[in-house]
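Everything on this sheet refers to the single structure shown next.
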Amino acid sequence: MSSPATSPAKKRAKRARAPKHAGETRAYRFPLDVTPAQEARLHEARFACWRLRNRLVQDRIENRDQVKAARAAGIAAAYLTRADQYEAVKGYAKHDQDWGALHSQVRQNVAVRVDEGCRRWFEARRDGRSGVKPPRLRRFESYRGFTYPQYGRAARIRNGRLELSGLGAFRVNAYRKIRGRKKTVTLAFAQGRWWCIVTAEIPVGLVHPPLPAADPRPDAGVDPGLCALLTDSHGVAYDPPQAWHNDRRRLARAQKTLARQWQAHDARYLAQAYAALALGLWPVSYRHVPRSKRLKAQLAVVARLHARIANVRDHHQKKTAARLADQYRQVAVEEHGVQFLLRNRRLARLAADRAIHKQTLRLQSKLGPRYVAVGNRRPGLGGNSQSCVCGAAVPKTLSERTHRCPACGLVAGRDHVAANVVQLMAFGTTSPTLQRGAGSLSTGDGEAKGGACERRVSEPARASEASGKRQPHADCDQGHTTGGEPTVAGKTSRHRAKRRSLALAPQPPGSPAGCRRL
Ligand SMILES: [Zn+2]
């Protein structure tokens, strides 16, 4: 043995452990493209997991009763733990073929889900919170899927296929690159099809890179509402299409047809049941009456419409969040509950269609630390839409859409002012757009009529539907741009042909040579 100083093993620097970064978990959901046989296999696994879950829940219920009885009799007794249920799952798997066929980690994950539900209930009891119940027996229809808790050999995506241990390989439309370290794979049945959800852990610094010291972008305040989904303090209203409202007639028609199919189904069931009773037999249960082809097809139609509505809503909310994140350095958002809107019978439908809370969650996810939550009340002044930037209280009803301040004379859109109040509370500044009308009116009739100078601000500008990244090019000779109208429609070959023919036409006097807006 050589001395420590000369030993190459000792000379080598001690390997530093990889630092533990704070990670953020992101979920990626991809649709599966399955054959009928594969679909049946997935449903079998879901059914086995559902049976196992209800068995474990039943064990917990019986255990709680035993503990209660034992403690009443003055005997010490313990509640079941996660480890107990792991052992129980092992035992069950030996005696049940379907449970034995499940991957061991999937089985354990069922126990984990039950345990977490129980733990939440224990914690609520300890903290004296009411309304939290322990896991209870559930119907198969509400049990949506199962999880492989470790990405890797047991479950992974390779060459466009999702490989699941014990279930086989499935074609998956993995249209996005998954960033970060993949952690879990969940198979879920929703909207009439199977999905695979991969969660990945990304270091926070990669999701939300630190802001440069000199960021030229302004800060903004945002006011969520029902007239426009979001209005920012610089006077831009973000008003995405109302997904449900636009499809409501189609949905109503499809659901009416579906209701008739169900009526026919019920009639068939009753006929079968009476026939069985006449023969002195016990009728089959409602759940086991086969559904007709028409009923199944109509269920799929309604499911597709609901999926479409959810997708349209999601798409526009993501887009709005991305646009705000691109334009502004920090965004302050007024956070308020939405239950009061949903309880209002005149507003509930619109409020549910707008999905304000989901939009704020999307903003949080997109902006990260650049999202600044602001309360919805100013002490002594009232709500953000009930006070002025000057500090005066300006009470108004919900139908009053214009803010008129008796103290400073500010007249502007209600949401625009509320967004500026939010910006003021978060950053101590207001947008110059609020002052825009002041100059034009300060020497005009506002002063001439005597009294306070009226500062007018026009209605908030509507945000363009096009992405902020697609700026029109100044050079019209480029064939692949729209030359002025940043719309998707302007990108089709038909529009390009029209633009070329117009560009060749004689220019009107006064227009800049070589460039023409359409
Ligand atoms: Zn004022």
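Remember, it's a predicted structure, so these values are computed and weren't measured experimentally.
Scanning both residues, H316 and P241, for their nearest heavy atoms gives NE2-CG, 3.5 Å. For the residue pair A332 and A426, the shortest heavy atom distance occurs at CB-CB, 3.4 Å. Residues R139 and R287 share a closest heavy-atom pair of NE-NH2, 4.2 Å. The shortest heavy-atom contact between M425 and G375 is CE-O, 3.7 Å. Nearest approach of D232 to Y238, heavy atoms of both residues: OD2-OH, 3.1 Å. Heavy-atom minimum distance, L102 versus C49: CD1-SG, 3.9 Å.
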Verify side-chain contact (heavy atoms from CB on, under 4.5 Å) between E335 and Y371, making sure each step is shown before the conclusion. CA-CA 11 Å; E335 284 203 331; Y371 178 97; 2.8 Å; yes
Would L229 and Q317 satisfy side-chain contact (heavy atoms from CB on, under 4.5 Å), going step by step from the backbone distance to the final call? CA-CA 9 Å; L229 178 55; Q317 290 197 339; 4.3 Å; yes
Steps toward side-chain contact (heavy atoms from CB on, under 4.5 Å) verdict (V110, F146): CA-CA 8 Å; V110 175; F146 50 94; 5.7 Å; no
Kindly determine whether Y86 and V112 satisfy side-chain contact (heavy atoms from CB on, under 4.5 Å), including the steps that lead there. CA-CA 9 Å; Y86 277 174; V112 169; 3.3 Å; yes
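At least one side-chain heavy atom of L32 sits under 4.5 Å from a side-chain heavy atom of L187. Between E24 and S365, every side-chain heavy-atom pair lies at or beyond the 4.5 Å cut-off. Side-chain contact between L324 and V222 is present, with heavy atoms from C-beta onward closer than 4.5 Å. With contacts defined as side-chain heavy-atom distances shorter than 4.5 Å, the pair Q423/V374 does not qualify. N173 places none of its side-chain heavy atoms less than 4.5 Å from the side chain of D33. In this structure, the side chains of R401 and D415 come closer than 4.5 Å at one or more pairs of heavy atoms. No side-chain heavy atom of D59 sits under 4.5 Å from any side-chain heavy atom of V114. Between V422 and V333 there is no side-chain heavy-atom pair separated by less than 4.5 Å.
Note: F30 and Y175 have perpendicular aromatic rings, judged against thresholds of 30 and 60 degrees for the angle between ring planes. Relative orientation of the H336 and F340 rings is perpendicular, given thresholds of 30° and 60° on the angle between their planes. Using a 30° and 60° split on the angle between ring planes, H103 and Y148 fall in the tilted class, from 30° to 60°.
R125 forms a cation-pi arrangement with W121, by the criterion of a distance under 6.0 Å to the ring centre and an angle within 45° of the ring axis.
Atom CZ of R51 is surrounded by more than 12 heavy atoms from other residues, nucleotides or ligands within 6.0 Å. A 6.0 Å sphere centred on CZ of R291 holds no more than 12 heavy atoms belonging to other residues, nucleotides or ligands. Dense packing is recorded around NE2 of H208, with more than 12 heavy atoms of other residues, nucleotides or ligands lying under 6.0 Å away. Counting non-hydrogen atoms of other residues, nucleotides and ligands closer than 6.0 Å to CD of E141 gives a total above 12. Within 6.0 Å of the CZ atom in R345, the count of heavy atoms belonging to other residues, nucleotides or ligands does not exceed 12. In this structure, Q150 places its CD atom where only 12 or fewer heavy-atom neighbours from other residues, nucleotides or ligands lie under 6.0 Å away. No more than 12 heavy-atom neighbours from other residues, nucleotides or ligands sit within 6.0 angstrom of CZ on R181. Counting non-hydrogen atoms of other residues, nucleotides and ligands closer than 6.0 Å to CZ of R171 gives a total of 12 or fewer.
At distances below 3.5 Å, not a single donor-acceptor pair connects side-chain atoms of R294 with backbone N or O atoms of Q261. Not one N or O on the side chain of D223 forms a donor-acceptor pair closer than 3.5 Å with the backbone of A418. With hydrogens and angles ignored, the 3.5 Å screen pairs no side-chain donor or acceptor of W99 with any backbone N or O of K94. Counting only distance, with no hydrogens or angles, the side chain of R144 and the backbone of F189 share a donor-acceptor pair below 3.5 Å. Checked by atom type and distance alone, the side chain of R53 never pairs as donor or acceptor with a backbone atom of W50 at under 3.5 Å. Distance alone, capped at 3.5 Å, is enough to place a donor-acceptor pair between the D353 side chain and the W244 backbone. With Q38 contributing its side chain and A169 its backbone, the two residues share a donor-acceptor pair below 3.5 Å. Judged by distance alone, the side chain of R217 and the main-chain N or O of D326 form a donor-acceptor pair under 3.5 Å. A donor-acceptor contact shorter than 3.5 Å is absent between the side chain of Q330 and the backbone of F427. Between the R370 side chain and the R329 main chain, a donor and an acceptor come within less than 3.5 Å of each other.
With respect to the salt-bridge test (charged N to carboxylate O, under 4.0 angstrom), the residues D115 and R119 qualify. Using a cutoff of 4.0 Å between basic side-chain nitrogens and carboxylate oxygens, R82 and E116 are scored as salt-bridged. Contact check on E163 versus R161 returns no salt bridge, with no Lys/Arg side-chain nitrogen under 4.0 Å from an Asp/Glu carboxylate oxygen. Between D239 and R354, at least one side-chain N (NZ, or NE/NH1/NH2) sits under 4.0 Å from a carboxylate O, which counts as a salt bridge.
Side-chain atoms of Q85 and R60 form a donor-acceptor pair, as typed in the model, at a separation below 3.5 Å. Of the N and O atoms on the side chains of Y79 and D84, not one donor lies less than 3.5 Å from an acceptor on the other residue. In summary, the side chains of S431 and H234 do present a donor paired with an acceptor at a separation below 3.5 Å, with no hydrogens or angles considered.
In this structure, L206 CG and E201 CD are separated by 12.0 Å, a value rounded to the nearest 0.5 Å. The distance from atom OG1 of T257 to atom CZ of R253, rounded to the nearest 0.5 Å, is 8.5 Å. The distance from atom NE2 of H265 to atom CG of L295, rounded to the nearest 0.5 Å, is 6.5 Å.
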